[in-house]
Peer 1: 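The structure follows.
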Amino acid sequence: MSEIIETDVVIIGAGPVGLFAVFELGLLDIRCHLIDILDKPGGQCAELYPEKPIYDIPGFPIITGQGLTDNLLAQAKPFAPTFHLGEMVAGIERLEDNRFRVITDNDKAFIAKAIVIAAGGGSFQPKRPPVPGIDVYEGKSVHYSVRKMEAFRDHDILIVGGGDSALDWTLNLQPLAKSVTLMHRRDAFRAAPDSVNKMRALAEAGQLKLVFGQVTGLEGDDGHMTHAVIVDNDNQEHRLPATRMLPFFGLTMKLGPIAEWGLNLHENLIKVDTEKFETSEPGIFSIGDINWYPGKLKLILSGFHEAALMAQAASRVVNPDKKVLFQYTTSSTSLQKKLGVA
């Protein structure tokens, strides 16, 4: 190994829940290193919908994925976490002294007293539509997420899908696009009713086009689209002007190497208890969308709750001889000093 790093806790996954875990662990004087396969912190919030509004974060009636990431990074900053981005955990082993060795695909080794798996749904990738030759257009005209809305300004946009992502981006991109066409295979949507109603109102007003059918081909040169070939539900073929295409067919989630770590799983998720959020392997915890327990809700706010309880339990693993004293940040001067506000 080219590098060996010793720390209290290794957090696998630098999404919102992993970032909040840094804060909760930091309050208990626990040092963290984070490993994430993406090239920046924030997980799916930063990677897939940085400019998409989120409405169910407590205290924020509306906040974007990137805004939430920025706030969590600022909150964690007093505890100086170290990030190892663009790396994947390749293996975990328990050492004779009961600590763990965590090895990445970048030839790094971490020695830690505890591990927190906060890897969202594991590795995720968008489902590719069955359109011949679509790979030529990916990254130039065909995109599976919106990272910068300005990149779509004044384009003829074709959005394909019937779920929340398709409807949300139809509504968000319509004001700045040259034209927007929403296409779904049938006149029924899985998105929030309010979004569907707003979309239909825009369609009736002629401000966007609603089409039912499937994309069968793309036309253009060197990856730059000019038209999409579609077949409607009457089996009629049309050429639709489109310079940008956003297919939202969902994500394929894969645990990847996590599935080989010997943890008890439940339908490809990591089973945990609801007291400590510990896995079947003592000292390895799991929080966020990647875990499962009866009544589990895949919400960011649920992951925040899990991180708080996990930190209390992890403290007893990291510092077994130290009494855990529960304190409130609003009244504890010692915690306020750690945060740099006292």
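FYI, the numbering just counts along the sequence from 1.
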Peer 1: Would you say that Leu339 contacts Phe79 through its side chain, given a criterion of any heavy-atom pair below 4.5 Å between the two side chains?
Peer 2: yes

Peer 1: I'd like to check His84 versus Asn106 (side-chain heavy atoms, cut-off strictly below 4.5 Å). Are they in contact?
Peer 2: no

Peer 1: In terms of heavy-atom contacts, does CD of Glu281 have more than 12 from other residues, nucleotides or ligands at under 6.0 Å?
Peer 2: yes

Peer 1: Would you say the side-chain atoms of Glu51 pair up with the backbone N or O of Met149, donor to acceptor, closer than 3.5 Å?
Peer 2: yes

Peer 1: Taking the basic N atoms (NZ, or NE/NH1/NH2) and the acidic carboxylate oxygens, is any pair closer than 4.0 Å for Lys140 and Asp222?
Peer 2: yes

Peer 1: Counting only N and O atoms by type, is there a donor-acceptor contact under 3.5 Å from the side chain of Tyr137 to the main-chain atoms of Met245?
Peer 2: no

Peer 1: Say whether, by atom type as modelled, one donor and one acceptor occur between the side chain of Thr7 and the main chain of Ala112 under 3.5 angstrom.
Peer 2: no

Peer 1: Does Asp232 use its side chain to pair, donor to acceptor, with the backbone of Asp234 at less than 3.5 Å?
Peer 2: yes

Peer 1: Check each of Leu158, Thr226, Val229, Val142 against Leu218 using the side-chain contact (heavy atoms from CB on, under 4.5 Å) test, and report the only one that passes.
Peer 2: Val142

Peer 1: To the closest 0.5 Å, what do you measure between OG1 (Thr82) and NE2 (His33)?
Peer 2: 4.0 Å

Peer 1: Report yes or no: does Thr279 contribute a side-chain atom to a donor-acceptor pair with the main-chain N or O of Ile284 at less than 3.5 Å?
Peer 2: yes

Peer 1: With distance as the sole test, does Gln336 use its side chain to make a donor-acceptor pair with the main-chain N or O of Thr329 at under 3.5 Å?
Peer 2: yes

Peer 1: If only atom types and distance count, is the side chain of Lys178 paired as donor or acceptor with the main-chain N or O of Ile157 below 3.5 Å?
Peer 2: no

Peer 1: Among all residues two or more places apart in sequence or in another chain, which pass the ring pair (Phe, Tyr, Trp, His ring centres under 6.0 Å) test with Phe304?
Peer 2: Phe20

Peer 1: With no hydrogens and no angle check, is any side-chain donor or acceptor of Glu87 less than 3.5 Å from a backbone partner on Asp105?
Peer 2: no

Peer 1: Could you tell me whether the side chains of Glu237 and Thr216 share a donor-acceptor contact shorter than 3.5 Å?
Peer 2: no

Peer 1: With a 4.5 Å limit on heavy-atom distance, are the side chains of Leu28 and Glu24 in contact?
Peer 2: no

Peer 1: Only distances under 3.5 Å count here; give the side-chain donor-acceptor pairs of residues 203-211 to other protein atoms, sequence neighbours excluded, each with its distance to 0.1 Å.
Peer 2:
none

Peer 1: Between Leu265 and Ile270, is any pair of side-chain heavy atoms under 4.5 Å apart?
Peer 2: yes

Peer 1: For Asn71 and Gln75, test the side chains for any donor-to-acceptor distance below 3.5 angstrom and give the result as yes or no.
Peer 2: no

Peer 1: Dump the intermediate steps for salt bridge (charged side-chain N to carboxylate O under 4.0 Å, His left out) on Asp135 and Arg128, then the final yes or no.
Peer 2: CA-CA 9 Å; Asp135 57 313; Arg128 176 185 284 176; 5.4 Å; no

Peer 1: My understanding is that only one of Val89, Ile11, Ile290, Val272 makes a side-chain contact (heavy atoms from CB on, under 4.5 Å) with Ile117; could you say which?
Peer 2: Ile290

Peer 1: Once you round to the nearest 0.5 Å, how far does CG of Asn291 lie from NE2 of His266?
Peer 2: 11.5 Å

Peer 1: Is Asp164 reaching over with its side chain to a backbone N or O of Arg190, donor-acceptor style, under 3.5 angstrom?
Peer 2: no

Peer 1: Would you say that more than 12 heavy atoms from the other residues, nucleotides or ligands in this model lie under 6.0 Å from the NZ of Lys271, or not?
Peer 2: no

Peer 1: CD of Glu275: more than 12 outside heavy atoms within 6.0 angstrom?
Peer 2: no

Peer 1: Could you tell me whether Asn197 atom CG has more than 12 heavy atoms of other residues or ligands within 6.0 Å of it?
Peer 2: yes

Peer 1: Would you say that Phe152 contacts Leu246 through its side chain, given a criterion of any heavy-atom pair below 4.5 Å between the two side chains?
Peer 2: yes

Peer 1: For the pair Thr69 (side chain) and Gly65 (backbone), establish whether a donor and an acceptor sit closer than 3.5 Å, ignoring hydrogens and angles.
Peer 2: yes

Peer 1: At what distance, to the nearest 0.5 angstrom, does CZ of Phe23 lie from CG of Leu72?
Peer 2: 10.0 Å

Peer 1: Counting C-beta onward and ignoring hydrogens, is there a side-chain heavy-atom pair between Ile30 and Ser315 closer than 4.5 Å?
Peer 2: yes

Peer 1: Between Asn172 and Lys52, do the side chains contain an N or O donor and an N or O acceptor separated by less than 3.5 Å?
Peer 2: no

Peer 1: I want to check something: taking the side chain as every heavy atom from C-beta on, are Val146 and Arg244 in contact at a cut-off of under 4.5 Å?
Peer 2: no

